[in-house]
Amino acid sequence: QVQLVESGGGLVQAGGSLRLSCAASGRTFSSYAMGWFRQAPGKEREFVAALSWSGGNTHYADSVKGRFTISRDTKNTVYLQMNSLKPEDTAVYYCAAAIVWDPAMAIMTSPDYDYWGQGTQVTVSS
């Protein structure tokens with residue numbers, strides 16, 4: 001089992017920045033691709049960003065490309081740097097981990113993730 005805990009959410013004005021963190025604990029010796037998803041009220045959960053285990057491959061949703069950056073500083077902590085935030089970025093943000101055999105694989109589809117965090121609220125005011 002892997003436990004994921006997000007932090008760093010909060011209230012920010014449009015144009016501001018936030019950095020979300022995702023700390024993994026438990027069975028972390030396997031290879032995990034990491035991702036961030038978000039869910040706004042009344043909407044389905046959507047993909048935001050993905051990072052391969054190797055750290056060499058990333059994918060972003062078109063809506064956040066150029067503004068958000070996914071990264072990891074150790075094999076057990078992943079970040080989502082969010083700049084130039086917009087009111088439409090308001091959502092609960094979830095961190096996810098997927099067991100992978102290919103260290104270069106970055107995953108964009110939520111059913112392929114094995115573990116999820118509890119989510120952290122991000123609210124962007126206009």
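FYI, side chains are in, hydrogens and waters are out, and symmetry mates aren't considered; it's all heavy atoms of this structure.
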* **Aromatic centroids of Phe68 and Trp36 separated by under 6.0 Å** =>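 Not under 6.0 Å, so no.
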* If we ignore angles and hydrogens, is there a donor and acceptor under 3.5 Å between the side chains of Thr123 and Gln121? ->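 There is such a pair (donor and acceptor under 3.5 Å, judged by atom type) between the side chains of Thr123 and Gln121.
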Validation row: [X], [Y] side chains within 4.5 angstrom (heavy atoms):
X      : Y      : value
Ile107 : Val100 : yes
Leu18  : Val122 : yes
Arg67  : Lys86  : yes
Arg72  : Tyr79  : no
Val48  : Tyr94  : no

Grab the two heavy atoms, one from [X] and one from [Y], that are nearest each other, plus how far apart they are.
X      : Y     : result
Tyr93  : Asp89 : OH-O, 2.6 Å
Ala106 : Asn57 : CB-O, 3.9 Å
Gln118 : Val5  : OE1-CA, 3.8 Å
Leu20  : Met82 : CG-CE, 3.7 Å
Gln3   : Gln1  : NE2-CB, 3.6 Å
Ala61  : Phe47 : CB-O, 3.4 Å

Can you tell me if [X] uses its side chain to pair, donor with acceptor, with the backbone of [Y] under 3.5 Å?
X      : Y      : result
Glu6   : Gly119 : yes
Ser52  : Met105 : no
Tyr113 : Ile99  : no
Thr109 : Pro111 : no
Thr90  : Val124 : yes

* Residue pair Arg38, Glu46: steps toward the side-chain contact (heavy atoms from CB on, under 4.5 Å) verdict -> CA-CA 5 Å; Arg38 67 187 182 186; Glu46 65 175 2; 2.6 Å; yes
* Is Arg45 positioned over the aromatic face of Phe37, cation under 6.0 angstrom from the ring centre and no more than 45 degrees off axis? ->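 The answer is no, since Arg45 fails at least one limit relative to Phe37.
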* Nearest-0.5 Å distance, OG of residue Ser21 to CG of residue Asp73 ->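 Going from OG on Ser21 over to CG on Asp73, the span is 8.5 Å.
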* Pairing of Lys65 and Asp62 as salt bridge, 4.0 angstrom limit ->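 Yes, Lys65 and Asp62 are salt-bridged.
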* Start with the C-alpha gap between Gln81 and Ser71, add the side-chain angles, then the distance that decides, and say whether side-chain contact (heavy atoms from CB on, under 4.5 Å) holds. => CA-CA 8 Å; Gln81 178 66 43; Ser71 64; over 6 Å; no
* Carefully, step by step, assess Val78 and Leu80 under the rule side-chain contact (heavy atoms from CB on, under 4.5 Å). => CA-CA 7 Å; Val78 177; Leu80 184 68; over 6 Å; no
